[in-house]
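For reference, the structure discussed in these notes is given below.
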Amino acid sequence: MSPWIKQVCLVLAAVFMLSSTTESKKDEALYCSACMAIAEEMNYSVSQTDPKKTIHVGGFRLKPDGSLMDKKVPLARSETYLNELLEEVCNSMSDYALYEDPDTKEKSYKRFAPRGNDGVNFPDFKNFKFDGPESSSALKFACESIVEELEDDIISLFSSEADHVAKMLCSEVSGIYI
């Protein structure tokens, strides 16, 4: 075997061994907070949708008797609408910042920006850590990663009107423990 082939094999073996030992570890607080924020933002968006609005779903195929095989479902629980909400959910991650619980010193990302029609008082900002745009971009990246990986599961949970969506999504489905 020629010397250059041995060198190439040695380099490839080193690269393979190095890549298998350097796995990145996810920041648990970041991904747990992103998952909880997804559930919170989706729940809020669904709750703001007019419950009287419906959408036709189905194949729009004709039955043998000539009638259509479609049905009406509430717009807020339709896959089409939930898909639209899911595409925009990570844009609201800039309304979240790192929060440190004063008693337990546990860190998580929480919403600091009140919504327009909440009527809720502003949170106590002294426990929030505003580290600039990089902290919200990390949360947005975690959000986008979760949405990309679990898009079908998220839509399925919200379309079935499951109770405790945040708990089901963030512990049972995603494996992120809250």
Query raised in the report: Between the side chain of Ser171 and the main-chain N/O of Met168, is any donor-acceptor distance below 3.5 Å?
Result: no
Query - Gap separating the CD1 atom of Ile146 from the CG atom of Asp153, nearest 0.5 angstrom - result: 12.0 Å
Query raised in the report: Got Glu151 and Asn83 here, is their nearest side-chain heavy-atom distance under 4.5 Å?
Result: yes
Query raised in the report: Between the side chains of Tyr81 and Thr49, is a donor N or O closer than 3.5 angstrom to an acceptor N or O?
Result: yes
Report task. Give me the ring orientation class for Phe112 and Phe128: parallel if the planes are under 30° apart, tilted from 30 to 60°, perpendicular past 60°. Result -> perpendicular
Query raised in the report: Considering all heavy atoms of both residues, which atom of Tyr109 and which atom of Leu30 are nearest to each other, and what is their separation?
Result: CE1-CD1, 3.5 Å
Query raised in the report: Measuring from Leu150:CG to Leu157:CG, what's the distance to the nearest 0.5 Å?
Result: 9.5 Å
Query raised in the report: Is there a side-chain contact between Glu106 and Glu100, using heavy atoms and a 4.5 Å cut-off?
Result: no
Query raised in the report: Residues in salt bridge (Lys or Arg N to Asp or Glu O under 4.0 Å) with Glu87, at least two apart?
Result: none
Report summary line: Between Cys90 and Glu144 the two heavy atoms that sit nearest each other are SG-N, 3.4 Å
Query raised in the report: Within the distance-only criterion (no hydrogens, no angle test), does the side chain of Ser156 pair as donor or acceptor with the backbone N or O of Asp152 below 3.5 angstrom?
Result: no
Query - Distance-minimising heavy-atom pair for Lys129 and Ala97 - result: O-CB, 4.2 Å
Query raised in the report: Would Met42 and Leu82 count as a side-chain contact (heavy atoms from CB on, under 4.5 Å) if you check the C-alpha gap in whole Å, the side-chain angles of each, and the deciding distance to 0.1 Å?
Result: CA-CA 8 Å; Met42 290 288 290; Leu82 291 171; 4.0 Å; yes
Requested in this report: Answer yes or no: are there more than 12 heavy-atom neighbours, outside Phe141 itself, under 6.0 Å from its atom CZ?
Outcome: no
Query - Leu85 side, atom CG; Ser45 side, atom OG - distance, nearest 0.5 Å - result: 5.0 Å
Query raised in the report: With a distance cut-off below 6.0 Å to the six-membered ring centre and an angular limit of 45° from the axis, does Arg77 pair with Phe158 as a cation-pi contact?
Result: no
Report summary line: Here the pair of heavy atoms bringing Asp103 nearest to Asp101 is N-OD1, 2.8 Å
Query raised in the report: Could you give the distance from SG (Cys35) to NZ (Lys167), rounded to the nearest 0.5 Å?
Result: 13.5 Å
Query raised in the report: Just how far is it from atom NZ of Lys53 to atom NZ of Lys72, taken to the nearest 0.5 Å?
Result: 13.5 Å
Query raised in the report: Would Val73 and Ile55 satisfy side-chain contact (heavy atoms from CB on, under 4.5 Å), going step by step from the backbone distance to the final call?
Result: CA-CA 6 Å; Val73 296; Ile55 188 171; 3.7 Å; yes
Requested in this report: Assess whether side-chain contact (heavy atoms from CB on, under 4.5 Å) is satisfied between Leu169 and Ile154, documenting all intermediate values.
Outcome: CA-CA 7 Å; Leu169 174 64; Ile154 294 169; 3.5 Å; yes
Query raised in the report: Ion pair present between Glu28 and Lys107, side-chain N to carboxylate O less than 4.0 angstrom?
Result: no
Report task. Could you give me the CA-CA distance, side-chain angles and deciding distance for Leu86 and Val147, then say whether side-chain contact (heavy atoms from CB on, under 4.5 Å) is met? Result -> CA-CA 7 Å; Leu86 206 52; Val147 167; 3.8 Å; yes
Query - Glu88 side chain to Asn91 side chain, donor-acceptor N/O pair below 3.5 angstrom - result: yes
Query - For Asp95, side-chain hydrogen bond (donor to acceptor under 3.5 Å, both in side chains) partners two or more places apart - result: Arg111
Query raised in the report: Is the number of heavy atoms from other residues, nucleotides or ligands within 6.0 Å of CD (Glu40) greater than 12?
Result: yes
Requested in this report: Please report the shortest heavy-atom distance between Cys143 and Ala34, naming the atom on each side.
Outcome: N-CB, 3.8 Å
